[in-house]
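Side-chain atoms are counted along with the backbone in the values below, which use heavy atoms only and exclude waters and symmetry mates. Along the sequence shown, residues are numbered consecutively beginning with 1. In listed order, ligands and their atoms are each counted from 1.
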Amino acid sequence: MKLFTRPGASSLSVHILLREIGEPFQLEAVNVTTTLRADGSDYRAAAPHGMVPLLVLDDGEELTENLVIAQYLCDRARRYDLMPATGTQRRYRVMEWQSFVAAELDKNFMALTRRLEGPVRELALLRIHERLAVAERELTGPYLTGFSFTAADAFFFVIASRARHYRIPLHAYPRIEALLDLIGERASVRDALAAEGLSRGHWLAEENPQAVADAPAAFAR
Ligand SMILES: N[C@@H](CCC(=O)N[C@@H](CS)C(=O)NCC(=O)O)C(=O)O
């Protein structure tokens, strides 16, 4: 199978899962801004919405959407540690976090990713802090749903790490910081970051001159 990614984008969470599962895969980085593939062809021929991730299976079937791809891969590999069995309460907890990350965190980082300014950016920062505060309260740890790493943790790691990338202060969220550090130590994560050409320093914004997001005054500590 082949995973289309953009280095450091939400597709990284699928990449991490493929490594957790030990599934053989190919990786192709796409420039989602120009929508050009490495061979010069238009990525939209494969993925009409032009977004990553896109997973192309060996039989040519295509899957999009982080949550769906994650569930497909874990179910197929029967990795119930990563994605508990259908019908169990634990599965809905994992799905609940996946949905929270997609709808409440990922979309609110969009204003920063797109370098929007003014009220849109202020509202996005406010929302990000509100959502991080909720996650901090709900997190009993060490992982999102308890004592083991799941597909939701992979997704949370990739999206919540954007706070570090944009230098949003996280000291008000010590459990989140501890979770990001814990997940960051996994071999699958280290290998996926290296394979996408991302140094640890870049990932943590230490080498990123664009990292500029100040917290709104209400959250500055
Ligand atoms: N709902 C999609 C969102 C994926 C998404 O936002 N991908 C971004 C990268 S993180 C992208 O490809 N953006 C390019 C674009 O919007 O044109 C999912 O969860 O898979």
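- Side chain of S41 to backbone of R37: no donor-acceptor contact under 3.5 angstrom is found.
- Below 4.0 Å from some heavy atom of P53 lie the following atoms of ligand 1, by number and element: 20 (O).
- Distance check, rounded to the nearest 0.5 Å: CG of L182 to OH of Y143 gives 3.5 Å.
- A donor-acceptor contact closer than 3.5 angstrom is absent between the side chains of D106 and S10.
- Below 4.0 Å from some heavy atom of V32 lie the following atoms of ligand 1, by number and element: 12 (O), 14 (C).
- When only non-hydrogen protein atoms are considered, atom 13 (N) of ligand 1 lies nearest to M51 CG, 4.0 Å.
- Ranked by closest heavy atom to atom 12 (O) of ligand 1, the top entry among V52, I159, D106 is V52.
- Taking every heavy atom of R114 and a limit of under 4.0 angstrom, the matching atoms of ligand 1 come to 15 (C), 16 (O).
- Using a cutoff of 4.0 Å between basic side-chain nitrogens and carboxylate oxygens, E185 and R190 are scored as salt-bridged.
- From the protein, the heavy atom lying nearest to atom 6 (O) of ligand 1 is K107 NZ, 3.7 Å.
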Pairs under 3.5 angstrom only: tabulate donor-acceptor contacts from the side chains of residues 132-140 to other protein residues two or more places apart or in another chain.
| residue | atom | partner | partner atom | Å |
| --- | --- | --- | --- | --- |
| E136 | OE1 | R175 | N | 3.2 |
| E136 | OE1 | I176 | N | 3.0 |
| E136 | OE2 | R175 | N | 3.0 |

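- Among the atoms of R162, none of the N or O lies under 3.5 angstrom from an N or O of ligand 1.
- For atom 20 (O) of ligand 1, the closest heavy atom belonging to the protein is N66 N, 2.9 Å.
- For D42, the side-chain hydrogen bond (donor to acceptor under 3.5 Å, both in side chains) partners are T35, R44, not counting sequence neighbours.
- Distance alone, capped at 3.5 Å, places no donor-acceptor pair between the S99 side chain and the M95 backbone.
- Summary of contacts: the protein heavy atom closest to atom 9 (C) of ligand 1 is A9 CB, 3.8 Å.
- Of the candidates R6, E65, M110, it is E65 that places a heavy atom closest to atom 18 (C) of ligand 1.
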